[in-house]
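In what follows, a single structure is set out as C-alpha cells and then discussed.
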Amino acid sequence: MAKRIDVSDLNVYYGAFKAVEGVTMTVEPRSVTAFIGPSGCGKSTFLRTLNRMHEVIPGGRVEGKVMLDDQDLYASDVDPVAVRRTVGMVFQRPNPFPTMSIYDNVAAGLRLNGVKGKKKLDEVVEKSLNGANLWNEVKDRLAKPGAGLSGGQQQRLCIARAIAVEPQVLLMDEPCSALDPISTLAIEDLISELKSQYTIVIVTHNMQQAARVSDQTAFFNLAATGKPGKLVEVADTQKIFNNPGVKATEDYISGRFG
Amino acid sequence: MWGAFLLALVPLLWILWTVVSKGGHLLLDSQWWTNSQKGITARREGGGAIHAIQGTLIQGLTTAVISVPIGVMTAIYLVEYGRGRLAKAVSFMVDILTGVPSIVAGLFIYALWVTTFGFQRVGFAVCLALVLLMVPVVVRSTEEMLKLVPNELREAAYALGVPKWKTIVKVVLPTAFSGIITGVLLGLARVMGETAPLLILGPYSKSIATDLFSGLMPTLPTMINQDRTESLQPAVDRVWAAALTLILLILLLNLAGRVIARLGSVKK
Amino acid sequence: MSSVTGVSIADELPGPDRRHTLGGDGAGTGRLGDRLFGGAAKGAGIFVIGLVSLVGAFLLWQALPAIADDKVNFLTSREWSVDNASNLRFGILELLWTTIAVSTIGMLIAVPVGVAVALFITQYAPTWLSRPAANLVDLLAAVPSIVYGIWGLKTFVPVFDPVQSFLKDTLGWFPLFSDAGISGGSTILMVGIVLAIMVLPIVTALSREVFAQTPVTHTEGALALGATKWEMIRVAVLPFGKAGVISAAMLALGRALGETIAVTIILSTLAAGSDWTWSVFNGGETFASRIANNAGEFDSPAKTGAFIAAGLVLFVLTFVVNAIARIVIERRKAFIE
C-alpha cells in the first residue's frame with residue numbers, strides 16, 4: 001500500500017478558465033504533504049485532480065500528467081471510478097450519508113462496489129473505525145444514524161469510510177476547518193498515525209497545522225484575481241517554515257501577506 | 001391583513017360545513033362503504049359509493065404507476081445529467097405540460113384513443129389523460145427534492161469510487177425519498193379530484209367495475225356529476241355524500257404527504 | 001416547493017449551497033450501469049418532449065380540417081352549430097369573451113386578497129399562527145373543482161343572488177352591469193367569484209414564498225429608518241416580491257382559464273342565437289365548459305374537430321399566460337443571483 005504521486009506540468013481548467021497552471025511536484029509514499037496558500041489559489045482544485053474528482057464539476061478538465069507509481073491517472077483507458085477507489089478523499093465538511101447508520105456509512109464504499117458477506121464487512125468496519133480512532137466511541141451504537149455524531153466524530157467517520165475501501169492515497173481537503181480545536185487535535189493525531197500506511201495530501205488554511213502534521217509543504221499563490229494559481233515552492237516543511245526559498249512564501253507564512 | 005385572512009377562511013369553512021351537514025350522515029352508514037348504487041334509482045334511498053371509491057382508487061393508482069417512473073426519471077435527467085439544449089427543451093416541455101388544462105388533456109386522449117384508434121371509452125383511457133396531468137407535478141417536485149440533496153453526498157460517494165448511477169440510486173434517491181413520496185401523493189391528490197377528463201373519457205355506471213380495459217368505470221367525480229341535476233332528495237344527499245368522500249380521500253393524501261415530508265425532510 | 005401549484009419560484013435555483021449540482025461528464029463513465037441508467041433518464045426526458053409535441057401536433061391535425069370546413073370565420077363568429085357536418089358553422093368569439101371575463105373577475109378578486117393573505121402569513125401573523133394559517137389556505141386547493149361547482153351552484157349563488165339583483169338595479173344603466181335576464185343568478189360574475197376562491201391558494205402560496213425570501217437587510221434597513229410595518233412592506237417586501245406576485249397571478253390565471261367543471265356546473269348557458277351583451281350578469285360558456293357540455297356528443301370527426309379547435313385555442317391561451325409567468329420568474333432569478 002501507499003504509492004508515490006508524480007505530477008508534471010499540470011494545467012487545470014474550469015471550461016475556458018485556467019484555474020491552476022504548470023504544477024510539477026512529487027509526493028512521497030507514507031508521508032504527509034500539506035498544501036497551503038491564500039483562498040482561491042487553486043490548492044483545493046489541484047488536490048481534486050489527484051483522484052479525478054475535478055471532472056465531476058461541469059467543464060472541469062486537465063492537461064498534463066499525474067502518475068501514481070507507474071500508472072498515468074489520465075491515460076485514456078483509465079476509468080475515473082477506479083482511480084477514486086485507489087485515491088480516497090475526505091472533505092471540508094463532514095458528509096456522512098444521512099440515510100445510513102454508522103455501520104452502513106463505513107461499509108458503504110464496499111457495499112456500493114458490490115462486496116457482500118457480513119463477516120467480511122464486520123471485519124472491515126471494525127478495522128476502519130479502529131483506524132480512525134472512533135471504534136471505542138461508537139461500537140455500542142453502530143446501528144444509529146451517522147448524522148447523530150458530533151462534528152469531529154462525523155469527520156473521523158468519514159475518514160473511516162474513506163480507508164474502508166483500502167486506498168493507496170488519502171486526500172484531505174481542509175478536513176478540520178469545520179471542527180473545534182479538540183476535534184482538530186484528534187484528527188491531527190489520526191493523520192500522524194495513518195501516515196505509516198498511506199500517502200496523505202492535506203489542504204489546510206491553518207499554518208500551524210501544516211507545520212505540525214506535514215513532512216513536506218507546498219505553497220500555492222496567484223498573481224491576481226482571475227489569473228491561474230501556481231505552485232510557488234515545495235520543500236520540506238522545516239525548510240518552508242524556517243528558511244523559505246521564495247519571498248512570497250516568507251511573507252505568507254509570517255502573515256505579512258497582501 | 002387579518003381581515004383578508006378571515007375572508008379567505010369563510011369559503012373554506014362554508015364549503016366544508018355545507019358538504020358535511022348535507023352529506024355527512026350517509027357516510028356514517030356502513031353500507032356507504034360496502035355497497036354500490038346498482039339497481040338504486042334517484043327516488044330510493046340507500047346504496048353506497050364503493051363502486052366509485054374503487055374506481056377512483058384504481059384509476060389513481062394506475063396513473064401513479066405510469067407517471068412516477070416517467071416523472072422521476074425525467075427529474076433525474078434534469079438534475080443529474082441534463083446539460084445544454086436538450087435539458088432546456090425538456091424543462092420547457094414540462095412547463096407546457098404543467099399548464100395543459102385538464103379538459104384539453106382529456107380531449108387529446110379522446111382524439112387519440114377513440115377517434116384515431118377507434119377504441120372504447122374505458123378506464124385506462126382516463127388514466128392516460130391523468131398521466132398527462134400528473135407527470136409534470138412529479139417531475140417538478142422530484143426535481144426540487146433532488147436539488148436539496150447536498151453535493152457533498154454525491155462527492156462523498158464518487159470519492160469512494162462509486163459509479164454515478166449507483167450514487168444516484170443508492171445515495172441521492174434514498175436521501176430525497178420522503179420528499180419524492182410527498183410530491184407523488186400531492187400529485188395523486190390532484191388527479192384524483194379531476195373531473196374534466198372523466199366527462200369526456202369515463203362515463204359513469206352504477207355497478208362495481210374493476211376492469212380498466214373494458215366497460216365503464218364509475219368514479220367519485222362522475223358519481224357527483226351524474227346526479228348533480230337531480231332534485232329528488234335521496235339523490236341529492238348522495239351527491240353531497242360523494243363530494244364529502246372525495247374531499248376526505250384527497251385530504252387524506254395531502255395529510256399523508258405532509259406528514260411524510262415533516263418526518264423525513266432532508267437532513268443537512 | 002409550493003405544494004399547491006407544483007411550481008416554485010425557486011425551481012431553477014441551484015442547491016442550498018448555491019452551487020449547481022454535479023453533472024459533469026467525468027462523474028458518469030462508460031460503464032454499462034451508467035450507460036443504461038443515464039440512457040433511461042435521458043429517454044424519459046425525450047419521451048416528455050415527444051409527448052408534448054404529440055399533443056400539440058395531434059390537436060392541430062384534428063382541428064385544422066374542421067376549421068377549413070368552417071363556413072363562418074373561426075375567430076370572429078359567435079355562431080356554434082356543428083350538428084350538420086356539411087354545414088359547419090362555429091366561431092370562438094363568445095367563448096373567448098366569456099373565458100376572459102370570468103378569469104378577469106376571478107383575478108381582480110384573487111390577486112389582492114391572495115397577496116394580503118400572503119402578507120398576513122409572512123409579516124403580520126404571530127409565529128404560532130403562520131404555519132397553520134398557511135396550511136388552512138392550502139386546504140382550499142384540496143377541495144376538488146366539482147365540489148366548488150355544486151357548492152357554488154346550490155349554496156353560494158342563492159345566497160348572493162339578492163346582492164346581485166341589487167347591483168343590477170342600481171348599476172344597470174352601465175352596459176357592463178345591465179340585466180341580461182339570467183334567472184337564478186348563475187352569471188359570469190358569480191363564476192368569477194367562485195374561480196377567485198379556487199385560485200386563491202395558488203396566488204397565496206407563491207406570493208408567500210417570495211415574500212418570505214425578502215432579505216432581512218432590506219426589512220431591517222427600512223425599520224431602522226423609522227418606517228412603520230406597513231411602510232416597511234411598501235418599500236421593502238412588495239418591491240422585492242413584485243415579479244413573484246405577477247408570475248403567481250399569471251399561473252393562477254392559467255388555471256382559471258382552463259377550469260372546466262366548476263364553470264360548467266354553475267354558469268347558465270345561453271340559447272343559440274341570443275343577443276350579445278357585455279354584461280357580467282349574463283350567462284355563457286367558456287372554452288372548457290363548451291367542450292364539457294358537449295362531451296357526450298362527440299360522434300362525427302368533423303364535429304369533434306370543432307371542439308378540438310376550441311380546445312386548441314384554450315391550450316394556446318394558457319400556454320401564453322404560463323409562458324409570461326415563466327419569463328417573469330426567469331428575469332427575477334437573473335436579478336437576484
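Numbered from 1 within each chain, the chains take letters A, B, ... in sequence-line order.
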Would one find more than 12 heavy atoms of other residues, nucleotides or ligands at under 6.0 Å from atom [atom1] of [X]?
X: A:Tyr74; atom1: OH; answer: yes
X: A:Tyr14; atom1: OH; answer: yes
X: B:Lys170; atom1: NZ; answer: no
X: A:Lys195; atom1: NZ; answer: yes

How close do [X] and [Y] get, heavy atom to heavy atom, and via which atoms?
X: B:Ala156; Y: A:Arg161; answer: CB-NH2, 3.2 Å
X: A:Met53; Y: B:Ala159; answer: SD-N, 3.8 Å
X: B:Pro163; Y: A:Asn113; answer: CD-OD1, 4.1 Å

So which of B:Pro174, B:Gly161, B:Ala157 has the biggest tally of heavy-atom pairs under 4.5 Å with chain A? B:Gly161
Quick check on [X] against chain B: is it the side chain, the backbone, both or neither that has a heavy atom closer than 4.5 Å?
X: A:Pro96; answer: backbone
X: A:Val87; answer: backbone
X: A:Phe97; answer: both

State, with a plain yes or no, whether a side-chain heavy atom of [X] is found less than 4.5 Å away from one of [Y].
X: A:Thr99; Y: B:Val171; result: no
X: A:Pro98; Y: B:Leu153; result: yes
X: B:Glu152; Y: A:Phe91; result: no
X: A:Arg84; Y: B:Leu160; result: no

To the nearest 0.5 Å, atom CZ of A:Arg48 lies from atom OH of B:Tyr158 at 11.0 Å
Using 4.0 Å as the upper bound for N to carboxylate O, is an ion pair formed by B:Glu155 and A:Arg93? no
